[in-house]
Structures are given as structure tokens and as C-alpha cells.
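Following: one structure in C-alpha cells, then a few remarks.
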Amino acid sequence: MALDIRLDGSVVLVTGGVRGVGAGIARAFLAAGSSVVVCARHEPREPVAVDGKSADFLPCDVREPEQVSRLVDEVSERHGRLDVLVNNAGGAPFAEAASASPRFHDRVVALNLLAPLTLARYANTVMQGQDSGGAIVNVGSVSGARPSPGTASYGAAKAGLVSLTGSLAVEWAPKVRVNALEVGMVRTEQAELHYGDEAGIAAVGATVPLGRLAEPDEIGACAVFLASPLASYVSGATMAVHGGGEVPAFQRASTAAWKGK
């Protein structure tokens with residue numbers, strides 16, 4: 001039996017919502033009936049849309065507090081409220097920790113940890129003044145829960161985001177719920193940069209217990225759930241959305257009867 005989550009009349013802001021996981025999240029909220037605003041540094045070639053309904057776009061570099069302040073003000077002025085913030089903007093290119101510059105690490109942490117904090121602070125101010133409060137969903141990563149070679153500062157920042165989620169959930173209760181998604185590998189427009197060609201993507205997907213990479217809209221469905229009344233007693237939580245994680249390497253190398261898939 002399908003469970004149709006409706007968020008008609010709600011206003012949702014999705015950072016980095018113009019492509020990849022962010023676009024999947026934006027589409028999921030649009031499908032649930034929300035008015036969605038997406039932000040990024042550059043406007044997409046085509047609007048993020050589903051079933052004829054499009055997300056509004058506002059430009060913003062989320063690492064710049066003044067731009068973030070204007071962004072949240074613009075959303076609340078246009079729509080009269082802000083019900084959900086999804087802190088999705090993030091990422092980092094491959095760079096070994098020893099050779100990357102201090103500025104590189106600073107920028108990665110600013111994007112993946114400090115920017116979500118800044119956005120959450122401004123959104124919380126709006127939400128605390130609403131009778132219905134609000135919900136914040138931080139998009140984390142499995143890189144924050146396991147070693148992240150080649151993206152060490154990214155993994156550290158995502159680990160910090162989980163800690164931040166729990167702290168804000170306590171500080172801002174009961175009006176504002178704060179949760180996180182621990183996202184695994186996702187098939188996006190840039191999957192080939194991370195995993196190679198189709199054969200590489202399939203081989204990487206085979207390391208996941210569910211046998212494949214996630215689709216962006218599947219991440220979006222989980223974000224919609226955490227923002228919805230169905231999760232009204234969920235706050236300070238981190239939902240694992242990683243297809244079962246990874247089969248331990250020792251089991252693949254073992255000569256015992258059961259080696260994992």
C-alpha cells in the first residue's frame with residue numbers, strides 16, 4: 001500500500017538544489033505539493049520541475065553569510081513563511097590531505113559544515129516565529145562515518161554535521177526539528193567522475209548490499225519524510241540512506257564458507 005505524503009502549502013528551501021541529489025530532493029518536495037525554492041551560485045539551464053510544477057531559483061553562495069541572510073529574507077518575504085530547510089549544498093574534489101593547501105581545506109569545511117550552520121541559524125529565526133515551527137534536514141554522507149581518503153576534510157566536515165544536527169535539535173526544540181541523512185553513493189550527472197564508466201558504476205554498485213547506487217529521488221523521499229508530520233517525534237536523528245552500507249572487506253577476502261555477496 002502506497003503512503004502518499006502531502007505537504008501542500010509548505011515552503012521549502014533546498015540549497016544546491018539545481019542538480020544531482022539536490023534536484024532529486026527538490027522534485028520530491030514539489031511532488032508532495034510544496035512550494036520549493038532552490039539556490040546555487042549559478043542558475044540552471046532548465047528549471048527543476050516535476051509534473052509541470054517548477055522550483056523557484058535564487059542565486060546564493062552559501063559560504064557567504066551576507067548572501068545567506070538575503071536568501072532567507074527573500075524566501076520569507078516572497079512566501080510569507082519558511083517551513084523546511086534542506087542543507088544539501090556540499091561536496092569536495094579529490095585531494096590528498098598532505099598536498100592540499102590550507103585554503104582548500106578551509107573552503108571545504110566552510111561549504112560542508114559552516115554554511116549549513118549559518119543557513120540553519122537564519123532559518124531558525126524565521127521558524128521560531130511561526131506557530132507551526134519548522135524542520136531542518138542536513139544532508140550528510142557515509143564519508144563522515146568511515147575513513148574518507150582523498151576527501152579527508154570533507155569527511156571530517158560531514159562528521160561534524162551529524163554532531164551539529166544533534167546539538168541544534170536540543171537547542172531549538174520544541175518549535176524546530178533538526179535531523180540528518182547519512183547518504184551513500186548516488187547515481188547523479190557526475191557519477192562517472194567518481195566511479196568511472198558504466199562498468200565501473202556497476203562494479204561499485206555491486207559493493208553495496210542492495211546491489212546498486214541510489215537515485216537522487218530516493219534521497220528526496222527520505223528528506224520529505226523527515227520534514228513531514230509523519231516524523232513529528234523525530235529530532236536529532238540521523239537516517240542512514242546507503243543501501244545497507246558496505247560489505248566488510250575482510251569478508252570478501254575470507255576463505256570461509258560465507259564471503260558476502
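Positions are given from 1, in the same order as the sequence printed here. All values below were derived from every heavy atom in this structure, side-chain atoms included, with hydrogens, water molecules and symmetry-related copies excluded.
Distance alone, capped at 3.5 Å, places no donor-acceptor pair between the Glu246 side chain and the Pro209 backbone. Checked by atom type and distance alone, the side chain of Asn179 pairs as donor or acceptor with a backbone atom of Ala237 at under 3.5 Å.
A 4.5 Å side-chain heavy-atom check between Thr207 and Met185 finds at least one atom pair inside the cut-off. Taking 4.5 Å as the limit, every side-chain heavy atom of Val14 sits out of range of all side-chain heavy atoms of Val37. Looking at Val12 and Asp83, their side chains never come closer than 4.5 Å, going by heavy atoms from C-beta outward. In this structure, the side chains of Val38 and Asp56 stay at 4.5 Å or more apart for every pair of heavy atoms. Counting heavy atoms from C-beta on, the side chains of Phe57 and Pro47 never come closer than 4.5 Å. In this structure the side chain of Val84 never reaches within 4.5 angstrom of the side chain of Ile136, judged on heavy atoms. Residues Arg41 and Arg63 meet the side-chain proximity criterion, which asks for heavy atoms closer than 4.5 Å. Annotation: side chain of Ser34 is not in contact with side chain of Val11 (no heavy-atom distance under 4.5 Å).
Nearest heavy atom pair, residue Val208 against residue Gly243, reads CG1-O, 3.3 Å. The two residues Ser54 and Ala49 make their nearest non-hydrogen contact at OG-CB, 3.5 Å. Of all the heavy atoms in Ser10 and Leu7, the pair that sits closest is OG-O, 2.6 Å. Between Pro216 and Arg27, the shortest heavy-atom contact is CB-NH2, 4.2 Å. For the residue pair Arg81 and Ser132, the shortest heavy atom distance occurs at NH2-OG, 2.8 Å. Residues Ala157 and Asn112 approach most closely at CB-CB, 3.7 Å, considering heavy atoms.
We find the NE2-CG distance between His242 and Leu213 to be 13.5 Å, quoted to the nearest 0.5 Å. Between atom CD of residue Gln130 and atom OG of residue Ser76 there is a gap of 8.5 Å, rounded to the nearest 0.5 Å.
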Expected list for residues 88-99: side-chain donor-acceptor pairs under 3.5 angstrom, two or more places apart:
from: Asn88; atom 1: ND2; to: Thr15; atom 2: O; distance (Å): 3.1
from: Asn88; atom 1: ND2; to: Gly16; atom 2: O; distance (Å): 3.0
from: Ser99; atom 1: OG; to: Glu96; atom 2: O; distance (Å): 3.3

Can you give each donor-acceptor pair under 3.5 Å made by side-chain atoms of residues 161-168, sequence neighbours left out, with the distance rounded to 0.1 Å?
from: Thr165; atom 1: OG1; to: Asn138; atom 2: ND2; distance (Å): 2.9
from: Thr165; atom 1: OG1; to: Leu161; atom 2: O; distance (Å): 2.8
from: Ser167; atom 1: OG; to: Ser163; atom 2: O; distance (Å): 3.3

Side chains of residues 218-235: which donor-acceptor pairs under 3.5 Å do they make with residues two or more places apart or in other chains?
from: Glu218; atom 1: OE1; to: Arg212; atom 2: NH1; distance (Å): 3.0
from: Glu218; atom 1: OE1; to: Glu215; atom 2: N; distance (Å): 2.9
from: Glu218; atom 1: OE2; to: Arg212; atom 2: NH2; distance (Å): 2.7
from: Ser228; atom 1: OG; to: Phe225; atom 2: O; distance (Å): 2.8
from: Ser228; atom 1: OG; to: Leu230; atom 2: N; distance (Å): 3.2
from: Ser232; atom 1: OG; to: Pro229; atom 2: O; distance (Å): 3.2
from: Ser235; atom 1: OG; to: Val178; atom 2: N; distance (Å): 3.1

Next on the checklist: Quick one, Ser153 with Arg107, criterion side chain to side chain donor-acceptor pair (under 3.5 Å). Give me CA distance, side-chain angles, the key distance, then yes/no.
Outcome noted: CA-CA 10 Å; Ser153 53; Arg107 298 288 282 178; over 6 Å; no
Next on the checklist: Quick one, Asn124 with Glu171, criterion side-chain contact (heavy atoms from CB on, under 4.5 Å). Give me CA distance, side-chain angles, the key distance, then yes/no.
Outcome noted: CA-CA 11 Å; Asn124 174 67; Glu171 289 193 19; over 6 Å; no
Item to check | Ile25 and Asp217: CA distance, side-chain angles, deciding distance, side-chain contact (heavy atoms from CB on, under 4.5 Å) verdict | outcome: CA-CA 6 Å; Ile25 292 171; Asp217 288 13; over 6 Å; no
Checklist entry - Does the pair Leu85 and Asn87 meet the rule for a side-chain contact (heavy atoms from CB on, under 4.5 Å), with working shown? => result CA-CA 6 Å; Leu85 165 67; Asn87 273 315; 3.6 Å; yes
Checklist entry - Could you go step by step and tell me if Ser141 and Val183 meet the side-chain contact (heavy atoms from CB on, under 4.5 Å) rule? => result CA-CA 5 Å; Ser141 169; Val183 177; 5.5 Å; no
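Follow the hydrophobic side-chain contacts under 4.5 Å out from Leu113 and you never reach Val139; the two are in separate clusters. Note: the hydrophobic cluster containing Val50 also contains Val186 (ILVMFWY, side chain heavy atoms under 4.5 Å, direct or indirect links). Using a 4.5 Å cut-off between side-chain heavy atoms of Ile, Leu, Val, Met, Phe, Trp and Tyr, with links allowed through other members, Val18 and Leu111 fall into different hydrophobic clusters. Under the 4.5 Å side-chain heavy-atom criterion for Ile, Leu, Val, Met, Phe, Trp and Tyr, Val48 and Val75 are members of distinct hydrophobic clusters. Grouping the Ile, Leu, Val, Met, Phe, Trp and Tyr side chains by contacts below 4.5 angstrom, directly or via other members, places Val241 apart from Val142.
The number of heavy-atom neighbours closer than 6.0 Å to CG of Asp8, taken from other residues, nucleotides and ligands shown, is above 12. Around atom CZ of Arg19, no more than 12 heavy atoms belonging to other residues, nucleotides or ligands sit under 6.0 Å away. Crowding of Arg121 atom CZ: a count of heavy atoms from other residues, nucleotides or ligands under 6.0 Å not exceeding 12.
Every residue meeting the side chain to side chain contact (heavy atoms under 4.5 Å, CB included) condition with Ser69, not counting sequence neighbours, appears here in chain and number order: Asp73, Tyr122.
Sorted pairs that involve residues 130-143 and meet salt bridge (Lys or Arg N to Asp or Glu O under 4.0 Å), not counting sequence neighbours, are lacking altogether.
No salt bridge links Arg70 with Glu74; every basic N to acidic carboxylate O contact stays at or beyond 4.0 Å. Salt bridge absent: Glu182 and Lys158 never bring a charged side-chain N and a carboxylate O closer than 4.0 Å.
Cluster partners of Phe104 are Val108, Tyr154, counting Ile, Leu, Val, Met, Phe, Trp and Tyr whose side-chain heavy atoms approach within less than 4.5 Å, directly or via other members.
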